[in-house]
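Some notes on the structure that comes next.
Protein chains get the first letters and strands the later ones, always in sequence-line order, with residue 1 at the start of each.
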There are 2 protein chains.
Amino acid sequence: MTIKDVAREANVSVATVSRVINNVTSVDKNLRIRVERAIEKLDFKPNQIAKSLKQDITNTVGIIVADISNSFFSGVIREIERTINPEGYALLMASTDGNVQKEKDAIEMMHAKRVDGLVICHVSDDIEALIKSISCPVISFDRNTLSHIRDTVYINKERSMYDAVTYLLKRGHRDIAVISGAKGLSTNFDRYIGYMRAYYDWSLMARKEDLYFGEFTKEYGKRSFESIMQRDHRPTAIVTGSADITEGILAKANELKVRIPEDISLVSFGAISFQDVLDLKITYVDEMYIEIGKNIGEMMLSRLKSPKISPRLIVLESGIISGNSVKTLDET
Amino acid sequence: MTIKDVAREANVSVATVSRVINNVTSVDKNLRIRVERAIEKLDFKPNQIAKSLKQDITNTVGIIVADISNSFFSGVIREIERTINPEGYALLMASTDGNVQKEKDAIEMMHAKRVDGLVICHVSDDIEALIKSISCPVISFDRNTLSHIRDTVYINKERSMYDAVTYLLKRGHRDIAVISGAKGLSTNFDRYIGYMRAYYDWSLMARKEDLYFGEFTKEYGKRSFESIMQRDHRPTAIVTGSADITEGILAKANELKVRIPEDISLVSFGAISFQDVLDLKITYVDEMYIEIGKNIGEMMLSRLKSPKISPRLIVLESGIISGNSVKTLDET
DNA sequence: TAGTGACGAGAAACCGATTACAGGAGATTG
DNA sequence: CAATCTCCTGTAATCGGTTTCTCGTCACTA
């Protein structure tokens, strides 16, 4: 079932059929009706692949993240879809599991399939050459790409961490631990700098043993928290790097009968989904996945319309939502 | 940058380049080397679109669900991806928001893009004609498609509901409410039948006012629970249709200071993610998204290899995981 | 040495659409 | 009324690969 069959059925040329379908230039009314009848009769559906080949447009945007079942990513993706779908774009997705090779494979696959645009939350910095070699617009998110001139959307994590730590310092905490994801990610470097800057501004020395940079997982949250609880000298507060980590901490705290905030205070990056089920309201930094997704989607649409405009950087400033997971300490 | 450029650079025909790339038939060693050098030098990446057009194979599987940010769906999708990625398939996704028109659009889009296979958790039964018209294999999941002969993967929800209700009946409950999603979905019809069957077997009459069929959302869970709490004659137990609904109930119960299981017992379809944070362990029916995703992925791969074999139905039997959210009532 | 077969490489058709180009019919103008 | 212009429509090229077909070369056999 191709455009040829329709042309034969309607007794016109394939060109005319194509013109009717895309209603470009005026077509004689009678012919148009004949073609439309034929299309209906044969239940003809144009082959996008052929169209894409000729026009070099696929109406597809690729998205590469570590794990689509992570609620932050799936939230962002959902919002991107909501934004670009009305304009006719579909979403081709790939997960990397944080694996550099998989990430490279995913980028090559997206290029091979000629996506019109690519959204990526990259794991490795080793992909710049690859990205440069593919010709479509690329938007990075949740990662700072200082040196690389490219469209980017992210939350100012340095600022957020600075605010979170300052929030704790103001309430008397002087020994604050950080539990976050892999050290190599820019998003964690940003957190590190924010932490150090707050300590610097308060003329305090940070302790190396207070920095836990491992994985953005519930499991890592559990492990780190347990290890903190076994220390002789414990921090009085913890800032986590993601909602998953926070959940791990809460689970382990529940298991070990550690009370929050009585025994240790907690500030989370990202809200946990069951906030309203607990009497404990976690103080958290909003991860704003809806805003991020929307910004990415809109940026992509504008970029697809005008590829030539210079790269833009959208830095979202997030705020702290106060709960009751932080205890105010007496100054001594 | 096309295969022609490579052919010119290597001073061979395009056919030879193609043969080298796909290493089909033997190619002279010298020529092969020349071609490989040219590919490397020009950094040539074949255009999948062109290949797809000729071969009528896109190496892409489509997936259509209501909402990708729903944790059940994103979990299933992740597992599907894990299964089919190693075989070279990518995932094209579309959300429907439970909207019939969007669902139809999504199916047409998938067909236009000529996916090799399609996985769908459909909203409407009104799509059979559409599905039949597209020529690729289609797998339904989490929906019973009694009348339609098609590959299907789902959990036996009738049985699960029967077990859940029986579990409660055995513990002395005689007035059990159900809060679940839209009445029109087969998955809820199945729950309904399971519920009625249990009541029948125990020679009890079900009450119409105990059946809340609305939406699979946290919000609906809250609303329904609140309305239950305002009733004069309250049920002693609730079975929910999804983890989202359960979360809504827990949130509202926390707000209204209703204690579980002291004031009302609860059984959930699907585990909540923060089970281990609470002292309350919800008794739940495992939703088995990993098994579902894996079964779908494997079914799809086998189907893509042998399209002719007759449709298969995989019905997963789920079990009840006991917690402490159900109170045993004294028989009166 | 002529005939046969195997093998490898290039030419060209092909996939299914879009689109540049050419040409015919009818309208407009001098 | 002839020349020119417009407007449609069809023919054929095109997108970038794959694949069939054809043909030349070489080894082997009779």
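Considering only residues two or more places apart in sequence or on other chains, Ser71(B) meets the side chain to side chain contact (heavy atoms under 4.5 Å, CB included) condition with none of them. Residues satisfying the side chain to side chain contact (heavy atoms under 4.5 Å, CB included) test with Ser13(B), not counting sequence neighbours, are Ala15(B), Thr16(B). Partners of Arg8(A) according to the side chain to side chain contact (heavy atoms under 4.5 Å, CB included) rule, which considers only residues two or more places apart in sequence or in another chain, are Asp5(A). For Lys45(A), the side chain to side chain contact (heavy atoms under 4.5 Å, CB included) criterion is met by Asp43(A), Glu108(B), His111(B), Leu130(B), Ser133(B), not counting sequence neighbours. Applying the side chain to side chain donor-acceptor pair (under 3.5 Å) test to Lys4(A) and every residue at least two apart in sequence or in another chain returns nothing.
Each end of the helix from dT1(C)-dA30(D) to dG30(C)-dC1(D) yields a helix axis from five base pairs, and these two axes differ in direction by 60° (to the nearest 10 degrees).
Between atom CG of residue Leu301(A) and atom CD of residue Glu298(A) there is a gap of 7.5 Å, rounded to the nearest 0.5 Å.
Against DNA chain C, the stretch residues 25-33 of chain B makes heavy-atom approaches under 4.0 Å through Ser26(B), Val27(B), Asp28(B), Leu31(B).
Computed from coordinates, the Ile21(B) CD1 to dG17(D) C1' distance equals 9 Å when rounded to whole Å. In this structure, Asp56(A) places its CG atom 11 Å from P of dG17(D), rounding to the nearest Å. Separating the NZ atom of Lys113(A) from the P atom of dG17(D) is a distance of 14 Å, rounded to the nearest angstrom.
Residue contacts shown for Ser18(B) include a base, since a base heavy atom lies under 4.0 Å away. Among the atoms of the strands shown, only primed sugar atoms or phosphate atoms (P, OP1, OP2) are found under 4.0 Å from some heavy atom of Val12(A).
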Please list each protein N or O that sits under 3.5 Å from an N or O in nucleotides 12-16 of chain C, with the distance.
| from | atom 1 | to | atom 2 | distance (Å) |
| --- | --- | --- | --- | --- |
| dC14(C) | O2 | Lys54(B) | NZ | 3.3 |
| dG16(C) | N2 | Ala50(A) | O | 3.4 |

Sub-3.5 Å pairs of nitrogen or oxygen atoms, protein against nucleotides 24-28 of chain D:
none

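A side-chain hydrogen bond (donor to acceptor under 3.5 Å, both in side chains) check over residues 300-309 of chain B, counting only residues at least two apart or in different chains, returns the pairs Asp151(B)-Arg303(B), Ser302(B)-Arg312(B). Sorted pairs that involve residues 47-57 of chain A and meet salt bridge (charged side-chain N to carboxylate O under 4.0 Å, His left out), not counting sequence neighbours, are lacking altogether. Residue pairs meeting the salt bridge (charged side-chain N to carboxylate O under 4.0 Å, His left out) criterion with at least one partner in residues 57-84 of chain A, sequence neighbours excluded, are Asp67(A)-Arg78(B), Arg78(A)-Glu81(A), Arg78(A)-Asp67(B), Arg78(A)-Asp97(B), Glu79(A)-Arg82(A), Arg82(A)-Asp97(B).
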